[in-house]
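Remarks on the structure that follows.
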Protein chains: 2
Amino acid sequence: MDGGVKRGAVTSSQVAEHAGVSQSAVSRTFTPGASISPKTRAKVLAAAKALGYRPNAIARSLITNRSRIIAVVMAYLENLFYPDVLEELGRRLAAENYHVLLFTGFKDRDSDPVFDQLMQYRVDGIILASTSLSSDLAEECETAGIPVVLFNRTTGKDVASSVTSRNHEGGRLLGEFLVGGGHRTFGYIAGLANSSTNRDRFAGFREALARHGIDDIQVGTGNYNRQEAEAAARAMLSGPNRPEAIFVANDHMAVAVMDVARYEFGLAIPADLSIVGYDDVGPARWTSYGITSVTQPISAMVEATVDILMDQIASGEIETQHRVVPSELIVRTSARLPKTGIVEVDGQLVYRPEGLK
Amino acid sequence: MDGGVKRGAVTSSQVAEHAGVSQSAVSRTFTPGASISPKTRAKVLAAAKALGYRPNAIARSLITNRSRIIAVVMAYLENLFYPDVLEELGRRLAAENYHVLLFTGFKDRDSDPVFDQLMQYRVDGIILASTSLSSDLAEECETAGIPVVLFNRTTGKDVASSVTSRNHEGGRLLGEFLVGGGHRTFGYIAGLANSSTNRDRFAGFREALARHGIDDIQVGTGNYNRQEAEAAARAMLSGPNRPEAIFVANDHMAVAVMDVARYEFGLAIPADLSIVGYDDVGPARWTSYGITSVTQPISAMVEATVDILMDQIASGEIETQHRVVPSELIVRTSARLPKTGIVEVDGQLVYRPEGLK
DNA sequence: TACAAAATTGCATACGTATGCAAGATATGA
DNA sequence: TCATATCTTGCATACGTATGCAATTTTGTA
């Protein structure tokens, strides 16, 4: 309630006065490529240092119409895959001199107010890593000229760019791998029904099994949630026809399923039951689990995401792109092995059967 | 390169014209508590809706000198404790109508450029959850009037507010617990040497053991890093005097240590070796690990953090506060149990020995 | 040395919003 | 009904920076 007390906020005008130059000169000193002589530049820098000046990004944004802020929407971070992505995004965007405005910790259905908030900050781009985008919101971004990238998901319509890995192929590989390992009965613990990853992975899996004449797959639903996955595992394992192998739609759930199988049902893995997962996330690599899993190459996916954004921001043109990065089946100890197709790459065992691809 | 093409950015003036009122009226419509009649307010809202208007938070910040942005600095997210904190922060700050500008994915020693960046956005507050603050940076925040909270760490000097849990007491509790469990030889796998959490936890632990006449503790260093923790565990377990119990400075490392003990040394836990950790983070609760651990109450810690910030922002006065929230030793299966002191609370086993506290 | 070309500088203005102030409109009370 | 108090409203200005333009200085060339 005091108004004009000095709040330590040094302005370019103050620096200008202190250096005996115009405000323009100060601005040009901090604008790469602007026309400024080394002499005055030095004077300005000295004055800036003396006063502790930092350019005000807010004021700059107002006039340049560029905030250098990217909104990242990630409803939940429980699955370590997403923090890993976030960290890599932070790194890559910082390298481009962009910053991350993070929206997390909300229920998925409450994404509209979130969207409202991020639009108010005139972000230069939006990365959606957990929420789908309703098509009218996408349209609004389109007319507002804000590039949007769906990360690890796609929508049927061509409303926004997307970056995914080859989920269909990954599912197929896992199917081949399990059939090759001699399993005869199969289960699938699904992720969110309306997510593209879940659909694609399952479709590929089913396709592979069908190719070997297997059409019967027991299905449970975990919705990419630990507890629901545990419940689904209990139901599946206590049923009359326990499958010999289970594909769990991601590692986050697979870990939970494995604990249930081992400690609630006393099953040896992979002797009594094979489990495979997806994402190749941290815990999957830990010795206790050692989950055979399809890797989603975070670095490549993030790189593609930032690529698309930088491209669209620079050109001003928003034409949706869809990047699909390759992935690989990493072989560990949670599933019985096929006789052929396993090769060693960079010290890791990888499944690369002949004649697929 | 085109300049004035319509970029879909609707301004308050455009809304004003469309509604037949002044720009001031539009501003007042979107400013809670401003003087505006219901009639014109309705007109404005209608026009705003028709044009798809959203107030420009950037321009607003420029004049109000409030960005409603909180900078969160978290160098790495590998330890699930931090994503959990982040999610809760997102939730709590959103409730206060603040937003999170996240800085992550950088090396700890590169924090100065990070600091530079966040100061440019005139953030209303700073939460440091992974980096320590050099005292001159703290001073700069002080003079700039920006509140800073150190999360899960403190510094010796009183340079910034802090929120921690009772790390010293937690360490002591773990010591008592292990001694009560009949262990006679002890190891400690340390976190970062210069972190307050590491110092406090170890000091409490050592104090408890000393009270029982035990001064000899084998010490290895994991630096809160998985791989270093594994190496430290290997060294400690292959030494001539393998300890009966190991306190690992956080769960993130404890999980790794446990895998090494079980699968590289074939030790049964807790029969051959007891392990206790700290944080009570996700994986600690998974059946495969079941780590006996001191909980750090994320919700309470985040609440305290946001409290401090809101308080200081509202008052404009920055007097450093230090909040210490209570914690509890959660008993699971990774360590042998003492005969007394274990009680059940909300379906969880908790260690509450008599006569400590 | 003289002159053209290039580089540098300051002036003035714009970005989109909030807000003090005075004028106008409406409500209140007798 | 009128005088007074309370709301509303629009005008003008400010926030801190970037940038087109014209004026000025420096550089290059003959």
Side-chain angles (χ1 to χ4, degrees), chain A residues 1-44 47-48 51-68 119-122 124 144, chain B residues 1-44 47-48 51-68 119-122 124 144:
Chain A
M1 268 297 92
D2 42 27
V5 286
K6 271 181 220 147
R7 272 292 222 91
V10 183
T11 74
S12 58
S13 302
Q14 292 174 31
V15 175
E17 190 178 11
H18 190 275
V21 297
S22 73
Q23 180 266 328
S24 315
V26 178
S27 170
R28 286 191 249 262
T29 297
F30 291 94
T31 305
S35 171
I36 186 93
S37 76
K39 207 189 305 176
T40 56
R41 191 185 146 81
K43 278 198 292 185
V44 169
L51 300 182
Y53 170 72
R54 276 178 231 274
N56 184 329
I58 301 280
R60 171 179 291 167
S61 297
L62 187 57
I63 191 157
T64 60
N65 216 14
R66 289 267 132 93
S67 61
R68 301 202 81 85
M119 286 299 279
Q120 297 197 0
Y121 280 93
R122 301 301 192 260
D124 291 344
Chain B
M1 268 291 92
D2 41 29
V5 285
K6 271 181 220 149
R7 271 290 222 94
V10 182
T11 74
S12 59
S13 303
Q14 292 174 30
V15 175
E17 189 179 11
H18 191 274
V21 297
S22 73
Q23 180 267 327
S24 316
V26 178
S27 170
R28 288 191 247 262
T29 297
F30 291 93
T31 305
S35 171
I36 186 90
S37 76
K39 207 190 303 177
T40 57
R41 189 183 147 82
K43 275 198 294 186
V44 169
L51 299 182
Y53 170 73
R54 276 178 233 272
N56 184 329
I58 300 280
R60 171 178 292 165
S61 298
L62 187 57
I63 191 158
T64 59
N65 215 15
R66 290 266 131 93
S67 60
R68 301 203 82 84
M119 287 298 280
Q120 298 197 1
Y121 279 95
R122 301 300 191 261
D124 291 345

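Atom set for the values below is all heavy atoms of this structure, side chains included, hydrogens, waters and symmetry mates excluded. Residue numbers start from 1 in every chain, and the chains themselves are labelled A, B, ... in the order their sequence lines are given, proteins ahead of strands.
Within the structure, every side-chain polar atom (N or O) of B/Ser24 is placed at least 4.0 Å from both OP1 and OP2 of D/dG10. One finds a side-chain N or O of A/Thr40 lying less than 4.0 angstrom from the OP1 or OP2 phosphate oxygen of C/dT9. Look at B/Thr11 and you won't find any side-chain N or O under 4.0 angstrom from OP1 or OP2 of C/dG16. Side-chain N/O atoms of A/Tyr121 include none lying less than 4.0 angstrom from OP1 or OP2 on C/dG16.
At the heavy-atom level, B/Ser37 lies under 4.0 Å from the strands shown only through sugar-phosphate atoms. Residue-level contact check: A/Val26 touches neither bases nor backbone, having no heavy atom under 4.0 Å from any strand. As judged by a 4.0 angstrom heavy-atom cut-off over every strand, B/Ser61 is placed among residues making no nucleic acid contact. In this structure, A/Ser35 reaches the bases: a heavy-atom distance under 4.0 Å links it to at least one base atom across the strands shown.
The heavy-atom pair separating B/Ile58 from A/Ser61 by the smallest distance is CG2-CB, 3.8 Å. Looking at every heavy atom in both residues, A/Phe30 comes nearest to A/Arg60 through O-NH2, 3.8 Å.
Looking at B/Arg28, its side chain comes within 3.5 Å of the base of D/dG10 through a donor and an acceptor atom.
Checked against A/Val26 for a side chain to side chain contact (heavy atoms under 4.5 Å, CB included), the options A/Thr40, A/Val15, A/Thr11, A/Ile36 give a single hit: A/Val15.
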